Amino acid sequence: SPQRKPATKIRDVMTKDVHLARPGDTIQDVAGRMARGGFGFVPVADGDQLIGTITDRDIVVRALATGAASSASVVEFITRDAQTVLDTDDLKVVLDLMGARQIRRAPVVDKHGRVVGVVSLGDLSTRVKEKYAGETLESISR
């Protein structure tokens, strides 16, 4: 049987079912969605445009630990300079980014800047050849 070529584009491995938050969403609402969905990373978009990301850790460290009300807007606690990748980029682009920036997840945007997915180390390590992803996993885990 002919060997299947490994997927090479980010769109082939990204999670397409992406949960977006809006700037005015409360931290309680976003935390609740994270708890129900079993994920800890949410891109934050104003209309179609990505303005940042928020993680469960951001909610704990930036919001709860500083005494923020559960009704506070998520926009106050986001990471604004989110590192994005293009859905048409090769996997090497996101592997290099994750290794260099020590990040585990990145929002995926299309050529118009719209969020179309999220790519994580988990997506990569399960879908890419072990050796290829293994090198990046090692450098991030260090």
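Numbers here simply count residues along the sequence, with the first being 1. A quick note: this is a predicted structure, and the numbers were derived from the prediction, not measured.
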K.L.:
How would you list, by chain and number, every residue that makes a side chain to side chain donor-acceptor pair (under 3.5 Å) with T84, sequence neighbours excluded?
P.N.:
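Result, side chain to side chain donor-acceptor pair (under 3.5 Å) vs T84: none returned.
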K.L.:
Show which side-chain atoms of residues 29-41 pair as donor or acceptor with protein atoms under 3.5 Å away, not counting sequence neighbours.
P.N.:
unit_1	atom_1	unit_2	atom_2	d
D29	OD2	R33	NE	3.4
D29	OD2	R33	NH2	2.9
R33	NH1	L20	O	3.1
R33	NH2	D25	OD2	2.6
R36	NH1	G32	O	3.4

K.L.:
What closest approach, in Å, do S73 and P23 show between heavy atoms, and which atom pair accounts for it?
P.N.:
CB-O, 3.6 Å
K.L.:
Keeping the roles fixed (side chain from D90, backbone from V93), state whether a donor-acceptor pair exists under 3.5 Å.
P.N.:
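Judged by distance alone, no pair lies under 3.5 Å.
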K.L.:
At their closest point, which heavy atom of T26 faces which heavy atom of S71, and how far apart are they?
P.N.:
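Minimum heavy-atom separation between T26 and S71: CG2-O, 3.5 Å.
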K.L.:
Would you list the pairs meeting side chain to side chain donor-acceptor pair (under 3.5 Å) in which at least one residue belongs to residues 14-24, sequence neighbours left out?
P.N.:
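Residue pairs with at least one partner in residues 14-24: T15-D123.
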K.L.:
Looking only at non-hydrogen atoms, find the nearest pair between Q83 and P107 and report the distance.
P.N.:
O-CD, 3.3 Å
K.L.:
Find out if a path of hydrophobic residues (ILVMFWY) with successive side-chain heavy-atom gaps under 4.5 Å connects V13 to V18.
P.N.:
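No, because V13 and V18 fall into different hydrophobic clusters, even though each may have its own neighbours under 4.5 Å.
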K.L.:
Going by side chain to side chain contact (heavy atoms under 4.5 Å, CB included), name the residues that satisfy it together with V61, two or more places apart in sequence or in a different chain.
P.N.:
R57
K.L.:
Work out which heavy atom in V116 is nearest to a heavy atom in M14; give both atom names and the distance.
P.N.:
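What the structure gives for the nearest pair is O-CE, 3.5 Å.
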K.L.:
Using every non-hydrogen atom in the two residues, find where A72 and F77 come nearest and quote the distance to one decimal.
P.N.:
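Scanning both residues completely, I find the closest heavy atoms to be CB-CE1, 3.8 Å.
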K.L.:
So if you build clusters from Ile, Leu, Val, Met, Phe, Trp, Tyr with side-chain heavy-atom gaps below 4.5 Å, do V109 and I10 land together?
P.N.:
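No, V109 and I10 fall in different hydrophobic clusters.
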K.L.:
Would you kindly confirm whether L121 and L97 end up in one hydrophobic cluster when ILVMFWY residues are joined by side chain heavy atoms under 4.5 Å apart?
P.N.:
yes
K.L.:
Does R114 CZ have over 12 foreign heavy atoms under 6.0 Å away?
P.N.:
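Enclosed: over 12 neighbouring heavy atoms sit under 6.0 Å from CZ of R114.
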K.L.:
Would you name the heavy atoms of P43 and L50 that are closest together and state the gap between them?
P.N.:
CB-CD1, 3.7 Å
K.L.:
Taking the side chain as every heavy atom from C-beta outward, state whether L124 and V94 have any pair of such atoms under 4.5 Å apart.
P.N.:
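In short, these two side chains touch, coming nearer than 4.5 Å.
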K.L.:
Output the distance between atom CG (L95) and atom NZ (K92), rounded to the nearest 0.5 Å.
P.N.:
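If I round to the nearest 0.5 Å, the distance is 7.5 Å.
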K.L.:
Could you give all pairs that pass the ring-ring contact (aromatic ring centres under 6.0 Å, His included) test and reach residues 100-121, with sequence neighbours left out?
P.N.:
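Counting only pairs at least two positions apart or across chains, no ring-ring contact (aromatic ring centres under 6.0 Å, His included) contact touches residues 100-121.
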K.L.:
Could you list the residues that satisfy side chain to side chain contact (heavy atoms under 4.5 Å, CB included) with I78, not counting sequence neighbours?
P.N.:
V44, I51, I54, V75, R80
K.L.:
Of the options T53, T55, V42, which is the one that meets R105 in a side chain to side chain contact (heavy atoms under 4.5 Å, CB included)?
P.N.:
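For R105, the side chain to side chain contact (heavy atoms under 4.5 Å, CB included) test succeeds with only one of T53, T55, V42, which is T55.
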K.L.:
Do V119 and V85 touch side chain to side chain, with heavy atoms closer than 4.5 Å?
P.N.:
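Heavy-atom side-chain distance check passes, below 4.5 Å.
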K.L.:
Output yes when a side-chain donor or acceptor of D58 lies under 3.5 Å from a complementary backbone atom of R62, and no otherwise.
P.N.:
no
